[in-house]
> 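Let me begin by handing over the structure; questions about it come next.
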Amino acid sequence: MDSLALETVTAPEPVTVERSSVTLRINGEETDLTLDHRTTVLDLLREQLGLTGAKKGCDHGQCGACTVLVDGRRTNSCLLLAVAQDGAEITTVEGLADGDTLHPLQQAFVERDALQCGYCTPGQLCSAVGMLTEAADGHPSHATPADALTMEPATLTPDEIRERMSGNLCRCGAYPRIVEAIEDVTP
């Protein structure tokens, strides 16, 4: 008879989760957190803080459903590690309104019926707020004519708005109304 050799199997070493303390200012409120280094801003907002406006669409930074403002600049929160944002000001769609008073873009989206299912709307709104700031600061886009490159605020034509908002996809195709709503609040 062959004897069975018993191998001693040892349990793998437990995984040590690296964590760091960070301070973030989220929608105007300072928050101290201890986070796993792998936590994205999107997962922090949705899963730990209950701010579910930003959506997880593609989780690859391609659809814009997760767009939030970080220090006033629009960004895909699914690509940002939260620990790398220590000290940052993060604004989500929940932070755009002033109490019961909607942000002018939120009001324009309602008035223009610039949403259908609403899944992309929070990202569209945050992206539009960031885009308006970029244009006011004179940042050009691919659609900006070369002879318009100055430090003056960019003129936001419908083509310019479409180009600047091209990183935010809408599954329902509400693009014409989104452009109209943004035009309504363009200076």
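For reference, positions follow the sequence shown, starting with 1.
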> Find out if a path of hydrophobic residues (ILVMFWY) with successive side-chain heavy-atom gaps under 4.5 Å connects M131 to L115.
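Yes; tracing contacts between hydrophobic side chains, which count when under 4.5 Å, links both residues.
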> Return each pair, listed once, that meets side chain to side chain donor-acceptor pair (under 3.5 Å) where at least one residue sits in residues 125-134; pairs must be two or more places apart or across chains.
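Matches after skipping sequence neighbours: R74-S127, R74-E134, S127-N168.
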> Decide side chain to side chain contact (heavy atoms under 4.5 Å, CB included) for L35 and R19; before the verdict, give the C-alpha distance in whole Å, the side-chain angles of both, and the deciding distance to 0.1 Å.
CA-CA 5 Å; L35 300 171; R19 300 175 74 75; 5.8 Å; no
> Taking all atoms of both residues into account, what is the closest heavy-atom pair of A54 and P122, and its distance?
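Scanning both residues completely, I find the closest heavy atoms to be N-CB, 4.4 Å.
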> Taking the side chain as every heavy atom from C-beta outward, state whether I182 and M165 have any pair of such atoms under 4.5 Å apart.
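The answer is yes, as the side chains (C-beta and beyond) meet within the 4.5 Å cut-off.
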> Kindly compute the distance separating CD (E152) from CG (D137), expressed to the nearest 0.5 Å.
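Rounded to the nearest 0.5 Å, the CD-CG separation comes to 11.5 Å.
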> Test side chain to side chain contact (heavy atoms under 4.5 Å, CB included) on L105 and L96 and set out the steps.
CA-CA 9 Å; L105 271 167; L96 294 180; over 6 Å; no
> Do D36 and E18 have side-chain heavy atoms sitting under 4.5 Å apart?
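No. Closest side-chain heavy atoms not under 4.5 Å.
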> Spell out, yes or no, whether Y119 and L42 are grouped together once hydrophobic residues are joined by side-chain heavy atoms under 4.5 Å, including indirect joins.
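In one cluster: no.
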> Please report the shortest heavy-atom distance between L45 and V68, naming the atom on each side.
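Where L45 meets V68 most closely, the heavy atoms are CD1-CG1, 4.0 Å.
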> Report whether L69 and I161 are members of the same hydrophobic cluster (ILVMFWY, side-chain heavy atoms less than 4.5 Å apart, transitive linking).
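Shared cluster, yes.
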> If we ignore angles and hydrogens, is there a donor and acceptor under 3.5 Å between the side chains of T92 and N27?
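The criterion, which ignores hydrogens and geometry beyond distance, is satisfied for N27 and T92.
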> How far does OG1 of T157 sit from CD of E183, to the nearest 0.5 angstrom?
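These two atoms lie 8.0 Å from each other.
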> Can you name the nearest heavy-atom pair linking A88 to V70, along with the distance?
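For A88 versus V70, the nearest heavy atoms are CB-CG1, 4.0 Å.
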> Can you check whether L44 reaches L24 side chain to side chain, under 4.5 Å on heavy atoms?
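In short, these two side chains touch, coming nearer than 4.5 Å.
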> With clusters defined by side-chain heavy atoms of hydrophobic residues (ILVMFWY) lying less than 4.5 Å apart, directly or transitively, does L33 cluster with L51?
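Yes, it is one cluster - the side chains of L51 and L33 are joined through contacts under 4.5 Å.
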> For Y175, is the NZ or CZ atom of R162 found under 6.0 angstrom from the centre of its six-membered ring and inside 45 degrees of the ring axis?
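No, cation not above the ring by the 6.0 Å, 45° rule.
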> Give the intermediate values and the outcome of side chain to side chain contact (heavy atoms under 4.5 Å, CB included) for residues I90 and R25.
CA-CA 6 Å; I90 297 173; R25 191 162 181 79; over 6 Å; no
> Looking at every non-hydrogen atom in both residues, tell me the closest pair between G123 and T67 and how far apart they are.
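Closest approach of G123 to T67, heavy atoms only: O-CB, 3.6 Å.
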> Does D86 reach the side chain of T23, with side-chain heavy atoms less than 4.5 Å apart?
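Result yes, sub-4.5 Å side-chain heavy-atom pair found.
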> Between the side chain of E94 and the main-chain N/O of G53, is any donor-acceptor distance below 3.5 Å?
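Yes; judged by distance alone, with no hydrogens or angles, the pair exists.
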> Please walk me through it: do D43 and R38 pass salt bridge (charged side-chain N to carboxylate O under 4.0 Å, His left out)?
CA-CA 10 Å; D43 289 339; R38 301 166 293 181; over 6 Å; no
> Once rounded to the nearest 0.5 Å, what's the spacing between atom CG of D184 and atom CD of Q107?
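Answer for the CG-CD pair, D184 versus Q107, is 10.5 Å.
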> Decide whether L125 and V185 are clustered together by the hydrophobic rule: side chain heavy atoms of Ile, Leu, Val, Met, Phe, Trp, Tyr closer than 4.5 Å, transitively.
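Yes, L125 connects to V185 through the hydrophobic network.
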> Tell me the closest heavy-atom pair linking A143 and D159, and the distance in Å.
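What the structure gives for the nearest pair is CB-O, 4.2 Å.
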> Please report the interatomic distance NE2(H142) to CD(E163), rounded to the nearest 0.5 Å.
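Taking NE2 in H142 and CD in E163, the distance rounds to 6.0 Å.
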> I want to check something: taking the side chain as every heavy atom from C-beta on, are K55 and C120 in contact at a cut-off of under 4.5 Å?
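Sidechains of C120 and K55: no contact.
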> Would you name the heavy atoms of C170 and A174 that are closest together and state the gap between them?
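Reported closest heavy-atom pair: SG-N, 3.3 Å.
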> Report yes if the side chains of V93 and C126 come closer than 4.5 Å at any heavy-atom pair, otherwise no.
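Of all side-chain heavy-atom pairs linking C126 with V93, at least one is under 4.5 Å.
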> Would you kindly say whether E160 and S141 are connected by a side-chain donor-acceptor distance under 3.5 Å?
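Yes, side-chain donor-acceptor contact under 3.5 Å.
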> Checking Q124 side chain against F109 main chain: does a donor-acceptor pair fall under 3.5 Å?
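No; judged by distance alone, with no hydrogens or angles, the pair does not exist.
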> Do T121 and Q116 have side chains that get closer than 4.5 Å, going by heavy atoms?
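No, every pair of side-chain atoms sits at 4.5 Å or beyond.
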> Checking R46 now: which residues fulfil side chain to side chain donor-acceptor pair (under 3.5 Å) with it, not counting sequence neighbours?
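Scan of R46 (side chain to side chain donor-acceptor pair (under 3.5 Å), adjacent residues dropped) gives none.
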> Is there a side-chain contact between K56 and C66 (heavy atoms, below 4.5 Å)?
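Side-chain contact under 4.5 Å: no.
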> So, D71 side chain and E89 main chain: donor-acceptor pair closer than 3.5 Å or not?
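Answer holds: yes.
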> Checking side chain to side chain contact (heavy atoms under 4.5 Å, CB included) for the pair L81/T39: CA distance, chi angles, key distance, verdict?
CA-CA 6 Å; L81 292 175; T39 303; over 6 Å; no
